[in-house]
Amino acid sequence: MVSATKQVPEPPEGTPDGGVQETGVQAVAATPGRDAGARQGSGTAARPALVFRVSLWVRRARIVGVRVARLVRTGVDLLLPGVRYLLHSLRRRWRRSLQFRTVLTTLMLAVTSFAVVGAYLSSQIANNLFQERLTQAESETRYSVKQVQDTFDGAQVTDQSSVITLVYDTLNAVEGRGSVVQRRYVFEAMPEQTKPRNRWVESRASDQLTISVIPTDLRKAVQESGKDQFWAPTEFAVGTEDRPGIAVGNKVTFNGTVYELYLIYDLNTAQTTLDEIQGVLLAGAAVLVLMIGAVAWYVTRNVVSPVSHAALVSEKLAAGQLQERMVVKGEDEVARLGASFNHMAASLQEQITQLATLSQMQQRFVSDVSHELRTPLTTVRMAAEVLYDAREDFDPINKRSAELLYNQVERFQSLLADLLEISRFDAGAATLDAEPTDIVQLVAHVIEGVGPVAAEYGSVVTLNAPVDGIVVDMDDRRIDRILRNLILNALEHGEGRPVNVSVAANETAVAVAVRDHGIGMAPADAARVFDRFWRADPARARTTGGSGLGLSIAAEDTKLHDGWLQAWGERTNGSNFRLTLPLRQGESIGRSPLQLEPVDVTFPGSGRDRTMLLLEHAQAPQDQSAAGLPRGAAQPVNAHAATPFPPATGTKDGS
């Protein structure tokens, strides 16, 4: 049904109605002026209450904000540990699992590839659908606009109702209800044109649309053109949803008035089709990613499993389980790798068994020979002592021969004792008998014992240690042997210069440093000083010194204590040997209380005074072996002022 709406003309200017309306407005405007004084008084009274309410609400808002911030902080504090643990687990899994790294990389590459391909396909499909709808819309718009213009040109209407009815019927026909592509229209008179007397239609639109749904650029292009056709994408409301569309605009004239006619084509169907296609692409990509992940996991599992098995077998072989072998299946590359690995393991087992047998034979030979030599050596020693005691009755040549015989028998007996000790270390028969002992008293006892040697060489031995002593879990017999060996070596190579012995402790370890100022040694010599039978100067006559096994035995004793034994030296500037032991058995050493490269300090007091020197903040060297070979110069430390305390027998001045 077509309905006509009669328009009521606006009242002309200067009519009585207009004057009444203007007077009414003025009266309403004058009313506030009459009550201004009364309102001012009430507003002044209510202002303090309003300020109080505002401040109260601001305070409440701050309290709520603080509570919300606390809740957010609590939530973050609860979530952060879990997130950190998850990230740490993923990083550790990424570093340690080749299969996890391969599968995850494959999934990431697959997702990236599908995202790029899916975005390209979706863009192409959307573009094709849009172009198809646009071509159809432009064609239908040309035809529809031509029909509208022909209808307007052939219309013979003169009254208002006939004009409104004609426009309404013509535009409803253009709307195209029931067609495949639904259309809507917006019919608007162009602005800034002279208004004719018979212009009874200003604008019309379907489905409560307004001219605001038309883009500004499109309106401007239509208004400035002649008979050209323009289009632009747009959105319009249908019920409670916004739908995409295409707006196509043209100009038409009717009764001397130029109108803008816009036909709006609904693209909701195309958008629905595109959404369905994108959903299918997304679901297909997800399924493909899962399938690719499963395939990658299966393939990498078949490849990585033999490698993991080989790594496990290698670890067992390194741990001494020489009978371990890989399981070989098939004839492929992995099977050949397993067979080669088993052949290598068998060859290594055979060689290691031979070497172990040979080592046992050598150890048994040394032990047996050393043991068997003790009886004849005792006899020879007794005879040498008799000759040595009666040397005054001999002529000079026989007297010198008796003295040489006595001294060399002594050296031979010391060498035999060291060989027996080394054989016990090699056979694994050495055991640790650790008890809590004051290491300061032990050092003082050793210094007292080497007093005659220090007097012979003319060296001053100074002990720098805490007054209260340091209790350490250790085998005092073995530590006594280590310290005696270090101090005797320092006296022998000290060239009569002072020898400083320092003792200090921290939370986990205790250290004893023996510093001499003699001939010293090169850094390369310090790296080999703990080797068996090694001497810095092979050409030097062995008129002094022991068997060449003392420092090797000291290193083995230190290894039993889980400690460090390190050496530092410099030509013509002496050397420094540092022994570091854990305070309690079973604990690890964090850092040494004394630095390896020494700091020369002048001690107050006389040579007979025992002094204390504490060296702090010394860093433990990295990658130290049981023998404690040095790794370069240590960092400087802070030397506190030395504090003298009463004399003790642990100091020898050599006078």
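Computed from heavy atoms alone, side chains included, the values below leave out hydrogens, waters and symmetry copies.
A pairwise comparison of heavy atoms in Pro466 and Val503 identifies CD-O, 3.3 Å as the closest pair. Residues Ala335 and Val328 share a closest heavy-atom pair of O-CG1, 3.6 Å. Listed here is the closest heavy atom pair of Gln585 and Ala434: CG-CB, 4.1 Å. Taking each heavy atom of Val499 and Ala490 in turn, the nearest pair found is CG1-CB, 3.9 Å. Nearest heavy-atom pair across Gly469 and Asp438 is CA-OD1, 3.6 Å. Scanning all heavy atoms of the two residues, the minimum distance from Ala505 to Ile470 falls at CB-CD1, 3.7 Å.
Here the CZ atom belonging to Arg84 is positioned 11.0 Å from the CG atom belonging to Leu79, to the nearest 0.5 angstrom. Within the model, atoms OG of Ser592 and CG of Asn506 stand 7.5 Å from one another, a figure rounded to the nearest 0.5 Å. Going from atom CH2 of Trp297 over to atom OG1 of Thr106 covers 14.0 Å, rounded to the nearest 0.5 Å. Interatomic distance, Leu581 CG to Ile439 CD1, rounded to the nearest 0.5 Å: 5.5 Å. Here Ser552 contributes atom OG and Asn485 contributes atom CG; the two are 9.5 Å apart, rounded to the nearest 0.5 Å. Put simply, CD1 on Ile352 and CD on Glu350 are 11.0 Å apart, with the number rounded to the nearest 0.5 Å.
Not one N or O on the side chain of Asn500 forms a donor-acceptor pair closer than 3.5 Å with the backbone of Thr462. Between the side chain of Arg101 and the main chain of Trp94, a donor-acceptor pair closer than 3.5 Å is present. In this structure, the side chain of Asn342 engages the main chain of Met326 through a donor-acceptor pair within 3.5 Å. Side chain of Ser347 to main chain of His343: no donor-acceptor pair is present (N/O by atom type, distance under 3.5 Å, no hydrogens or angles). In this structure, the side chain of Arg578 engages the main chain of Leu594 through a donor-acceptor pair within 3.5 Å. Distance alone, capped at 3.5 Å, is enough to place a donor-acceptor pair between the His561 side chain and the Asp475 backbone. Judged by distance alone, the side chain of Asp516 and the main-chain N or O of Gly574 form no donor-acceptor pair under 3.5 Å.
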Stepwise side chain to side chain contact (heavy atoms under 4.5 Å, CB included) test for Val461 and Leu491: CA-CA 9 Å; Val461 181; Leu491 292 173; 3.9 Å; yes

Test salt bridge (charged side-chain N to carboxylate O under 4.0 Å, His left out) applied to Arg484 and Asp480, step by step: CA-CA 6 Å; Arg484 190 177 301 275; Asp480 180 277; 3.4 Å; yes

task: Check the pair Val501 / Ile447 against side chain to side chain contact (heavy atoms under 4.5 Å, CB included), numbers first and verdict last.
output: CA-CA 9 Å; Val501 181; Ile447 293 177; 4.3 Å; yes

task: Mind running side chain to side chain contact (heavy atoms under 4.5 Å, CB included) on Leu560 and Arg478 for me, showing each step along the way?
output: CA-CA 9 Å; Leu560 286 178; Arg478 297 183 182 276; 3.8 Å; yes

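With a 4.5 Å cut-off on side-chain heavy atoms, Val512 and Leu483 count as touching. Looking at heavy atoms from C-beta onward, Leu98 lies out of side-chain contact with Val307 at the 4.5 angstrom threshold. When side chains are defined from C-beta on, Phe341 does not count as touching His309, because their heavy atoms never get closer than 4.5 Å. You'll find the side chain of Leu442 reaches within 4.5 Å of the side chain of Met474, heavy atoms only.
Under 3.5 Å, the side chains of Thr437 and Asp476 contain no donor-acceptor pair of N or O atoms. For the 3.5 Å distance criterion, the side chains of Arg325 and Gln349 qualify, holding a donor opposite an acceptor.
For Arg497, the side chain to side chain contact (heavy atoms under 4.5 Å, CB included) partners are Glu495, His517, not counting sequence neighbours. Contacts of Tyr388 classified as ring-ring contact (aromatic ring centres under 6.0 Å, His included), with partners at least two apart in sequence or in another chain: Tyr406.
Remark: Gln323 CD is packed, more than 12 non-hydrogen atoms of other residues, nucleotides or ligands lying under 6.0 Å away. Surrounding CE of Met344 are more than 12 heavy atoms belonging to other residues, nucleotides or ligands, all under 6.0 Å away. Within a 6.0 Å radius of CZ in Arg477, more than 12 heavy atoms belonging to other residues, nucleotides or ligands are found.
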